[in-house]
Amino acid sequence: MLLPKFEFHEPKTVDEACQMMAEYGASAMVLAGGTDLLVNMKKKLLSPQHLIAISRIEELKKVDSSPFGLKIGACLSVSDTASSDAIGKKWGALSAGAKALGSPQIRNLATIGGNLGTASSAADLPPSLMAYGARVVLKSSARERTLPLEEFFTGSKRTTLADDEMIYEIQIDEPAPYSGAGYESLGVRSCQDIKIVNVASFITLDGPGGIIKSARIVMGCVGPTHLRAHSAEKILVGEKPGEAIFARAGELAMQDATPRGAAFSRASAGYKKDMVGVLTVRTLGTAWKEATGERN
Amino acid sequence: MKKIITLDINHEHYEVAVEPNQTLLDTLRYQLGLTGTKKGCEVGDCGACTVIMDGVTVNSCLVLAMQAEGRQITTIEGLETKEGMHPLQTAFVEKGAIQCGFCTSGMILSARVLLDKNPEPTEEGIRRGIAGNLCRCTGYQKIVEAVQSAADGMKEGHQ
(Lines give C-alpha, C1' and ligand atoms only; values in the text may rest on other atoms or scores of the structure.)
Protein backbone atom coordinates (compact mmCIF):
# COMPACT_ATOMS: atom_id res chain seq x y z
CA MET A 1 0.00 0.00 0.00
CA LEU A 2 1.98 2.96 -1.28
CA LEU A 3 1.61 6.51 -0.14
CA PRO A 4 0.90 9.00 -2.91
CA LYS A 5 3.82 11.26 -3.73
CA PHE A 6 4.20 14.52 -1.81
CA GLU A 7 6.81 17.01 -0.74
CA PHE A 8 7.85 16.72 2.89
CA HIS A 9 8.56 19.68 5.14
CA GLU A 10 9.70 19.68 8.74
CA PRO A 11 9.51 23.22 10.12
CA LYS A 12 11.38 23.86 13.38
CA THR A 13 9.03 26.49 14.76
CA VAL A 14 5.32 27.25 14.76
CA ASP A 15 5.96 30.48 12.82
CA GLU A 16 7.83 28.58 10.13
CA ALA A 17 4.99 26.04 9.94
CA CYS A 18 2.42 28.85 9.59
CA GLN A 19 4.43 30.48 6.82
CA MET A 20 4.48 27.19 4.93
CA MET A 21 0.72 26.83 5.40
CA ALA A 22 0.26 30.34 4.03
CA GLU A 23 2.43 29.56 1.03
CA TYR A 24 0.95 26.17 0.12
CA GLY A 25 -2.64 26.71 1.31
CA ALA A 26 -5.08 23.99 0.31
CA SER A 27 -2.35 21.87 -1.32
CA ALA A 28 -0.76 21.24 2.09
CA MET A 29 -1.80 19.29 5.15
CA VAL A 30 -0.36 19.23 8.63
CA LEU A 31 1.14 15.88 9.65
CA ALA A 32 1.11 15.32 13.41
CA GLY A 33 0.88 11.68 14.54
CA GLY A 34 -0.10 10.42 11.10
CA THR A 35 -2.40 7.71 12.45
CA ASP A 36 -5.37 9.11 10.51
CA LEU A 37 -3.75 11.18 7.77
CA LEU A 38 -1.27 8.56 6.51
CA VAL A 39 -3.96 5.86 6.60
CA ASN A 40 -6.29 8.05 4.53
CA MET A 41 -3.45 8.80 2.12
CA LYS A 42 -2.64 5.10 1.75
CA LYS A 43 -6.29 4.47 0.98
CA LYS A 44 -6.06 7.29 -1.60
CA LEU A 45 -8.79 9.27 0.14
CA LEU A 46 -6.41 12.21 0.48
CA SER A 47 -3.39 13.21 -1.59
CA PRO A 48 -1.96 16.52 -0.44
CA GLN A 49 0.98 17.82 -2.48
CA HIS A 50 2.76 18.99 0.65
CA LEU A 51 2.98 17.48 4.13
CA ILE A 52 4.08 19.78 6.91
CA ALA A 53 5.27 17.63 9.80
CA ILE A 54 5.00 19.40 13.15
CA SER A 55 6.02 16.48 15.36
CA ARG A 56 9.46 17.91 16.12
CA ILE A 57 8.22 21.29 17.36
CA GLU A 58 8.72 21.06 21.14
CA GLU A 59 6.48 24.07 21.83
CA LEU A 60 3.53 22.02 20.58
CA LYS A 61 4.06 19.28 23.18
CA LYS A 62 3.69 21.40 26.29
CA VAL A 63 1.33 20.91 29.20
CA ASP A 64 1.25 24.26 31.03
CA SER A 65 -0.81 24.29 34.19
CA SER A 66 -1.61 27.47 36.08
CA PRO A 67 -4.21 28.40 38.73
CA PHE A 68 -6.50 29.31 35.80
CA GLY A 69 -6.29 25.99 34.04
CA LEU A 70 -4.39 24.09 31.41
CA LYS A 71 -2.79 24.92 28.08
CA ILE A 72 -1.98 21.82 26.08
CA GLY A 73 0.08 21.86 22.91
CA ALA A 74 -1.66 20.37 19.89
CA CYS A 75 1.11 17.83 19.33
CA LEU A 76 1.02 16.26 22.79
CA SER A 77 0.75 12.53 22.16
CA VAL A 78 -2.32 10.69 23.35
CA SER A 79 -0.18 8.47 25.59
CA ASP A 80 1.40 11.55 27.19
CA THR A 81 -2.11 12.98 27.61
CA ALA A 82 -3.14 9.75 29.34
CA SER A 83 -0.13 9.67 31.67
CA SER A 84 0.16 13.39 32.47
CA ASP A 85 -0.25 13.98 36.23
CA ALA A 86 -1.28 17.59 35.62
CA ILE A 87 -4.15 16.41 33.41
CA GLY A 88 -5.10 13.37 35.50
CA LYS A 89 -5.31 15.31 38.76
CA LYS A 90 -8.09 17.68 37.77
CA TRP A 91 -9.28 16.56 34.36
CA GLY A 92 -9.64 12.82 34.91
CA ALA A 93 -12.29 12.42 32.20
CA LEU A 94 -9.76 13.59 29.60
CA SER A 95 -7.25 10.99 30.85
CA ALA A 96 -9.98 8.36 30.64
CA GLY A 97 -10.66 9.32 27.01
CA ALA A 98 -6.96 9.19 26.14
CA LYS A 99 -6.59 5.75 27.73
CA ALA A 100 -9.55 4.43 25.71
CA LEU A 101 -8.11 5.47 22.33
CA GLY A 102 -6.66 2.96 19.84
CA SER A 103 -3.76 0.75 20.93
CA PRO A 104 -0.53 1.50 22.80
CA GLN A 105 1.31 2.00 19.48
CA ILE A 106 -1.38 4.31 18.12
CA ARG A 107 -1.52 6.31 21.38
CA ASN A 108 2.25 6.84 21.18
CA LEU A 109 1.95 8.41 17.72
CA ALA A 110 -1.49 10.05 17.77
CA THR A 111 -1.84 13.57 19.11
CA ILE A 112 -4.55 15.48 20.95
CA GLY A 113 -4.71 18.08 18.15
CA GLY A 114 -4.96 15.37 15.52
CA ASN A 115 -7.85 13.73 17.33
CA LEU A 116 -9.71 17.05 17.15
CA GLY A 117 -8.67 17.87 13.58
CA THR A 118 -9.92 14.54 12.24
CA ALA A 119 -13.32 15.53 13.64
CA SER A 120 -14.76 12.04 13.85
CA SER A 121 -17.89 11.87 15.97
CA ALA A 122 -16.52 8.59 17.39
CA ALA A 123 -13.29 10.22 18.61
CA ASP A 124 -12.34 9.64 22.23
CA LEU A 125 -11.04 13.05 23.26
CA PRO A 126 -13.72 15.58 22.18
CA PRO A 127 -16.49 14.46 24.59
CA SER A 128 -14.48 15.14 27.76
CA LEU A 129 -12.87 18.27 26.33
CA MET A 130 -16.27 19.67 25.33
CA ALA A 131 -17.73 18.70 28.71
CA TYR A 132 -14.93 20.67 30.40
CA GLY A 133 -15.74 23.61 28.10
CA ALA A 134 -12.34 23.50 26.34
CA ARG A 135 -11.28 26.05 23.75
CA VAL A 136 -9.00 25.60 20.76
CA VAL A 137 -6.43 28.14 19.62
CA LEU A 138 -5.98 28.19 15.85
CA LYS A 139 -2.98 29.85 14.24
CA SER A 140 -2.06 31.05 10.81
CA SER A 141 0.64 33.44 9.67
CA ALA A 142 -1.91 36.25 9.60
CA ARG A 143 -3.92 35.69 12.73
CA GLU A 144 -4.65 33.72 15.86
CA ARG A 145 -8.16 32.94 17.07
CA THR A 146 -9.57 31.14 20.07
CA LEU A 147 -12.96 29.48 19.98
CA PRO A 148 -14.95 26.98 22.02
CA LEU A 149 -14.26 23.43 20.86
CA GLU A 150 -17.99 23.04 20.32
CA GLU A 151 -17.86 25.69 17.57
CA PHE A 152 -14.76 24.14 16.02
CA PHE A 153 -16.64 21.08 14.76
CA THR A 154 -19.01 21.92 11.93
CA GLY A 155 -20.02 18.42 10.83
CA SER A 156 -18.79 14.91 10.20
CA LYS A 157 -15.04 15.19 9.47
CA ARG A 158 -15.54 18.94 9.12
CA THR A 159 -14.10 21.79 11.14
CA THR A 160 -13.89 25.54 10.93
CA LEU A 161 -10.14 25.28 10.26
CA ALA A 162 -9.10 27.39 7.26
CA ASP A 163 -6.65 26.08 4.65
CA ASP A 164 -3.77 28.07 6.07
CA GLU A 165 -4.59 27.42 9.74
CA MET A 166 -3.32 24.87 12.21
CA ILE A 167 -4.48 23.81 15.66
CA TYR A 168 -1.98 25.38 18.05
CA GLU A 169 -3.26 24.80 21.56
CA ILE A 170 -6.12 23.43 23.65
CA GLN A 171 -7.15 25.45 26.69
CA ILE A 172 -9.21 24.14 29.60
CA ASP A 173 -10.26 26.28 32.55
CA GLU A 174 -9.74 25.17 36.12
CA PRO A 175 -12.98 23.38 37.12
CA ALA A 176 -15.12 25.32 39.61
CA PRO A 177 -15.15 24.01 43.21
CA TYR A 178 -17.42 20.97 43.74
CA SER A 179 -17.15 19.95 40.09
CA GLY A 180 -16.67 16.50 38.65
CA ALA A 181 -16.63 14.73 35.31
CA GLY A 182 -16.80 11.24 33.88
CA TYR A 183 -16.13 9.61 30.51
CA GLU A 184 -17.30 6.22 29.29
CA SER A 185 -17.03 4.60 25.90
CA LEU A 186 -18.46 1.46 24.46
CA GLY A 187 -16.77 -0.52 21.72
CA VAL A 188 -16.85 -4.04 20.37
CA ARG A 189 -13.45 -4.66 21.96
CA SER A 190 -11.63 -2.90 24.78
CA CYS A 191 -8.86 -1.82 22.42
CA GLN A 192 -8.18 -0.90 18.80
CA ASP A 193 -11.72 -0.27 17.68
CA ILE A 194 -14.07 2.50 16.68
CA LYS A 195 -16.49 3.40 19.41
CA ILE A 196 -20.18 2.50 19.22
CA VAL A 197 -21.16 5.24 21.66
CA ASN A 198 -19.21 7.52 23.99
CA VAL A 199 -20.42 10.03 26.57
CA ALA A 200 -18.79 12.58 28.87
CA SER A 201 -20.61 14.41 31.67
CA PHE A 202 -19.53 17.36 33.78
CA ILE A 203 -21.44 18.79 36.72
CA THR A 204 -20.84 21.57 39.24
CA LEU A 205 -22.60 21.58 42.61
CA ASP A 206 -23.27 24.74 44.63
CA GLY A 207 -21.56 23.19 47.64
CA PRO A 208 -21.04 19.89 49.42
CA GLY A 209 -24.37 18.10 49.32
CA GLY A 210 -25.83 20.99 47.33
CA ILE A 211 -27.85 21.23 44.15
CA ILE A 212 -26.46 21.00 40.61
CA LYS A 213 -25.47 24.49 39.45
CA SER A 214 -24.48 23.57 35.92
CA ALA A 215 -24.20 20.45 33.79
CA ARG A 216 -22.75 19.58 30.41
CA ILE A 217 -23.31 16.21 28.74
CA VAL A 218 -21.62 15.39 25.44
CA MET A 219 -22.51 12.35 23.31
CA GLY A 220 -20.45 10.80 20.51
CA CYS A 221 -21.36 8.53 17.57
CA VAL A 222 -25.00 9.65 17.65
CA GLY A 223 -24.85 12.54 15.20
CA PRO A 224 -22.58 14.04 12.53
CA THR A 225 -20.47 15.53 15.29
CA HIS A 226 -20.39 15.31 19.08
CA LEU A 227 -23.72 16.53 20.44
CA ARG A 228 -24.71 18.22 23.67
CA ALA A 229 -27.63 16.57 25.48
CA HIS A 230 -29.29 19.92 26.12
CA SER A 231 -32.57 18.68 27.54
CA ALA A 232 -30.78 16.29 29.89
CA GLU A 233 -28.53 19.12 31.07
CA LYS A 234 -31.52 21.38 31.64
CA ILE A 235 -33.38 18.97 33.88
CA LEU A 236 -30.32 18.46 36.10
CA VAL A 237 -29.80 22.13 36.91
CA GLY A 238 -31.33 23.13 40.24
CA GLU A 239 -31.80 19.53 41.35
CA LYS A 240 -30.01 17.57 44.04
CA PRO A 241 -27.81 14.93 42.42
CA GLY A 242 -29.01 11.36 42.80
CA GLU A 243 -29.89 8.18 41.00
CA ALA A 244 -33.46 9.17 40.17
CA ILE A 245 -32.60 12.46 38.50
CA PHE A 246 -29.63 10.86 36.69
CA ALA A 247 -31.97 8.18 35.31
CA ARG A 248 -34.32 10.91 34.07
CA ALA A 249 -31.34 12.72 32.47
CA GLY A 250 -30.36 9.45 30.76
CA GLU A 251 -33.83 9.16 29.24
CA LEU A 252 -33.70 12.74 27.97
CA ALA A 253 -30.19 12.24 26.56
CA MET A 254 -31.60 9.33 24.54
CA GLN A 255 -34.10 11.76 23.03
CA ASP A 256 -31.35 14.30 22.33
CA ALA A 257 -29.32 11.70 20.43
CA THR A 258 -29.82 11.40 16.65
CA PRO A 259 -27.97 8.22 15.66
CA ARG A 260 -27.96 7.04 12.07
CA GLY A 261 -27.46 3.36 12.78
CA ALA A 262 -27.89 0.55 10.27
CA ALA A 263 -25.69 -0.22 7.28
CA PHE A 264 -22.98 2.43 7.65
CA SER A 265 -22.74 2.07 11.36
CA ARG A 266 -21.39 -0.25 14.00
CA ALA A 267 -24.71 -0.70 15.79
CA SER A 268 -28.39 -0.05 15.23
CA ALA A 269 -29.80 3.38 16.02
CA GLY A 270 -31.98 1.88 18.76
CA TYR A 271 -29.04 0.21 20.47
CA LYS A 272 -26.98 3.41 20.31
CA LYS A 273 -29.82 5.38 21.89
CA ASP A 274 -30.18 2.85 24.69
CA MET A 275 -26.46 2.95 25.36
CA VAL A 276 -26.44 6.77 25.41
CA GLY A 277 -28.89 6.45 28.29
CA VAL A 278 -26.73 3.93 30.14
CA LEU A 279 -23.48 5.84 29.66
CA THR A 280 -25.09 9.15 30.64
CA VAL A 281 -26.22 7.66 33.95
CA ARG A 282 -22.80 6.10 34.57
CA THR A 283 -20.79 9.22 33.72
CA LEU A 284 -23.07 11.39 35.87
CA GLY A 285 -22.41 8.96 38.72
CA THR A 286 -18.64 9.31 38.25
CA ALA A 287 -18.97 13.10 38.01
CA TRP A 288 -21.04 13.22 41.20
CA LYS A 289 -18.47 11.18 43.11
CA GLU A 290 -15.69 13.46 41.98
CA ALA A 291 -17.71 16.60 42.76
CA THR A 292 -18.24 15.42 46.33
CA GLY A 293 -14.57 14.58 46.75
CA GLU A 294 -14.80 10.82 46.35
CA ARG A 295 -12.13 10.36 43.73
CA ASN A 296 -11.51 6.95 42.22
CA MET B 1 12.87 13.99 -4.30
CA LYS B 2 15.17 11.60 -2.47
CA LYS B 3 17.04 12.85 0.54
CA ILE B 4 19.92 11.24 2.39
CA ILE B 5 19.12 10.69 6.06
CA THR B 6 20.87 8.93 8.92
CA LEU B 7 18.87 6.39 10.88
CA ASP B 8 19.94 5.17 14.31
CA ILE B 9 18.84 1.55 14.41
CA ASN B 10 19.89 -0.87 17.14
CA HIS B 11 22.70 1.56 18.04
CA GLU B 12 24.12 1.52 14.53
CA HIS B 13 24.01 4.41 12.09
CA TYR B 14 22.71 3.82 8.60
CA GLU B 15 22.87 6.38 5.80
CA VAL B 16 20.00 5.87 3.40
CA ALA B 17 18.51 7.81 0.51
CA VAL B 18 14.73 7.90 0.96
CA GLU B 19 11.71 9.30 -0.84
CA PRO B 20 9.34 11.51 1.20
CA ASN B 21 6.52 8.97 0.80
CA GLN B 22 8.63 6.06 2.06
CA THR B 23 7.66 4.59 5.41
CA LEU B 24 10.11 3.56 8.10
CA LEU B 25 8.77 0.01 7.66
CA ASP B 26 9.68 -0.19 3.97
CA THR B 27 13.07 1.38 4.62
CA LEU B 28 13.85 -1.21 7.29
CA ARG B 29 12.76 -4.15 5.18
CA TYR B 30 13.71 -3.26 1.62
CA GLN B 31 16.71 -0.96 2.00
CA LEU B 32 18.33 -2.23 5.16
CA GLY B 33 17.32 -5.87 4.95
CA LEU B 34 15.98 -5.84 8.51
CA THR B 35 13.11 -8.16 7.66
CA GLY B 36 12.39 -9.14 11.26
CA THR B 37 9.94 -6.23 11.24
CA LYS B 38 6.87 -7.60 9.51
CA LYS B 39 4.47 -5.95 7.11
CA GLY B 40 0.87 -6.81 7.95
CA CYS B 41 -2.10 -4.53 7.51
CA GLU B 42 -0.09 -1.37 6.69
CA VAL B 43 -2.69 0.87 8.35
CA GLY B 44 -1.76 0.63 12.01
CA ASP B 45 -4.23 -2.04 13.05
CA CYS B 46 -2.20 -5.24 13.41
CA GLY B 47 1.05 -4.27 15.15
CA ALA B 48 3.23 -6.65 13.08
CA CYS B 49 5.47 -3.70 12.11
CA THR B 50 5.99 -2.53 15.71
CA VAL B 51 9.38 -1.01 16.48
CA ILE B 52 10.59 0.91 19.52
CA MET B 53 11.24 4.59 18.73
CA ASP B 54 12.70 6.81 21.46
CA GLY B 55 11.57 4.32 24.09
CA VAL B 56 7.98 3.80 22.98
CA THR B 57 6.37 1.36 20.58
CA VAL B 58 5.08 2.70 17.27
CA ASN B 59 3.67 1.19 14.09
CA SER B 60 6.52 1.68 11.62
CA CYS B 61 3.98 1.60 8.74
CA LEU B 62 2.66 4.95 10.04
CA VAL B 63 6.02 6.66 10.44
CA LEU B 64 7.75 8.26 7.46
CA ALA B 65 11.43 7.38 7.16
CA MET B 66 12.23 11.10 7.22
CA GLN B 67 10.34 11.48 10.50
CA ALA B 68 12.50 8.76 12.02
CA GLU B 69 15.75 10.61 11.39
CA GLY B 70 17.63 11.22 14.63
CA ARG B 71 15.35 8.98 16.66
CA GLN B 72 16.62 5.90 18.48
CA ILE B 73 15.05 2.87 16.87
CA THR B 74 15.10 -0.70 18.15
CA THR B 75 13.91 -3.54 15.96
CA ILE B 76 13.67 -7.21 16.85
CA GLU B 77 17.21 -7.68 15.46
CA GLY B 78 18.46 -5.38 18.22
CA LEU B 79 17.31 -7.52 21.13
CA GLU B 80 19.91 -10.26 20.93
CA THR B 81 23.21 -9.53 22.68
CA LYS B 82 26.58 -11.31 22.85
CA GLU B 83 25.16 -13.31 25.75
CA GLY B 84 22.43 -14.65 23.50
CA MET B 85 18.75 -14.07 22.98
CA HIS B 86 16.73 -11.65 25.11
CA PRO B 87 14.86 -13.44 27.94
CA LEU B 88 11.60 -12.60 26.16
CA GLN B 89 12.80 -14.31 22.99
CA THR B 90 13.87 -17.38 24.96
CA ALA B 91 10.56 -17.47 26.81
CA PHE B 92 8.56 -17.25 23.56
CA VAL B 93 10.47 -20.26 22.21
CA GLU B 94 10.25 -22.27 25.41
CA LYS B 95 6.55 -21.59 26.02
CA GLY B 96 5.53 -22.34 22.45
CA ALA B 97 4.30 -18.77 22.04
CA ILE B 98 5.24 -18.78 18.36
CA GLN B 99 2.97 -20.41 15.82
CA CYS B 100 3.30 -18.85 12.37
CA GLY B 101 5.66 -16.24 13.84
CA PHE B 102 4.31 -13.24 11.96
CA CYS B 103 3.20 -11.34 15.06
CA THR B 104 6.16 -12.43 17.18
CA SER B 105 8.55 -9.52 16.53
CA GLY B 106 5.91 -6.96 17.36
CA MET B 107 4.67 -8.91 20.37
CA ILE B 108 8.15 -9.19 21.83
CA LEU B 109 8.92 -5.49 21.30
CA SER B 110 5.63 -4.47 22.93
CA ALA B 111 6.37 -6.83 25.81
CA ARG B 112 9.89 -5.44 26.13
CA VAL B 113 8.59 -1.86 26.58
CA LEU B 114 5.93 -3.14 28.98
CA LEU B 115 8.56 -4.88 31.16
CA ASP B 116 10.86 -1.84 31.02
CA LYS B 117 8.02 0.20 32.53
CA ASN B 118 6.57 -2.44 34.79
CA PRO B 119 8.80 -5.43 35.59
CA GLU B 120 6.02 -7.20 37.50
CA PRO B 121 2.93 -6.97 35.33
CA THR B 122 -0.34 -8.68 36.11
CA GLU B 123 -1.98 -10.87 33.48
CA GLU B 124 -4.37 -7.98 32.77
CA GLY B 125 -1.37 -5.65 32.44
CA ILE B 126 0.29 -7.97 29.94
CA ARG B 127 -2.90 -8.23 27.90
CA ARG B 128 -3.19 -4.45 27.83
CA GLY B 129 0.50 -4.12 26.94
CA ILE B 130 0.17 -6.32 23.85
CA ALA B 131 -3.31 -5.04 22.94
CA GLY B 132 -1.96 -3.41 19.79
CA ASN B 133 -0.55 -6.66 18.43
CA LEU B 134 -2.86 -9.10 16.73
CA CYS B 135 -2.08 -12.83 16.54
CA ARG B 136 -4.10 -14.41 13.75
CA CYS B 137 -3.18 -17.90 15.00
CA THR B 138 -4.96 -16.65 18.17
CA GLY B 139 -2.22 -18.06 20.38
CA TYR B 140 -2.63 -15.33 22.95
CA GLN B 141 -2.66 -17.58 26.01
CA LYS B 142 0.85 -18.88 25.42
CA ILE B 143 2.09 -15.42 24.50
CA VAL B 144 0.79 -14.04 27.81
CA GLU B 145 2.40 -16.98 29.65
CA ALA B 146 5.70 -16.37 27.88
CA VAL B 147 5.74 -12.69 28.87
CA GLN B 148 4.89 -13.66 32.45
CA SER B 149 7.65 -16.27 32.47
CA ALA B 150 10.20 -13.81 31.04
CA ALA B 151 9.19 -11.24 33.67
CA ASP B 152 9.64 -13.81 36.45
CA GLY B 153 13.00 -14.92 35.04
CA MET B 154 14.30 -11.37 34.62
CA LYS B 155 13.30 -10.56 38.20
CA GLU B 156 15.21 -13.56 39.55
CA GLY B 157 18.17 -12.66 37.36
CA HIS B 158 18.38 -9.23 38.99
CA GLN B 159 18.35 -10.58 42.55
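Chain A is the first sequence line, chain B the second, and so forth, proteins listed ahead of strands; every chain is numbered from 1. None of the values given here were measured: they were computed from a predicted structure. Side chains included, hydrogens not; waters and symmetry mates left out as well; all remaining heavy atoms used.
- Contact count against chain A (heavy-atom pairs under 4.5 Å) is highest for B:P20 among B:P20, B:G70, B:G129.
- For the atom pair CG (B:L88) and OG (B:S149), the distance works out to 9.0 Å, reported to the nearest 0.5 Å.
- For the set A:L51, A:L2, A:L31, the count of heavy-atom pairs under 4.5 angstrom toward chain B peaks at A:L31.
- With no hydrogens or angles considered, no side-chain donor-acceptor pair links B:T122 and B:E124 at under 3.5 Å.
- At a threshold of 4.5 Å between non-hydrogen side-chain atoms, the residues A:M29 and A:L46 count as touching.
- At distances below 3.5 Å, not a single donor-acceptor pair connects side-chain atoms of A:D36 with backbone N or O atoms of A:N115.
- The backbone N or O of B:D8 sits nowhere less than 3.5 Å from a side-chain atom of B:H13 that would complete a donor-acceptor pair.
- Among the candidates B:T50, B:L62, B:L134, the residue making the largest number of heavy-atom pairs closer than 4.5 Å to chain A is B:L62.
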Hey, mind stepping through A:K61 and A:E58 against salt bridge (Lys or Arg N to Asp or Glu O under 4.0 Å) and telling me if it holds? CA-CA 5 Å; A:K61 294 177 192 172; A:E58 283 307 312; 3.7 Å; yes
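- Heavy-atom pairs under 4.5 Å with chain A were tallied for B:D26, B:V113, B:I130, B:N133; the largest tally goes to B:N133.
- Both the backbone and the side chain of A:K5 have a heavy atom closer than 4.5 Å to some heavy atom of chain B.
- Heavy atoms of B:C41 lying under 4.5 Å from chain A belong exclusively to its backbone.
- Only the side chain of B:R71 has a heavy atom closer than 4.5 Å to any heavy atom of chain A.
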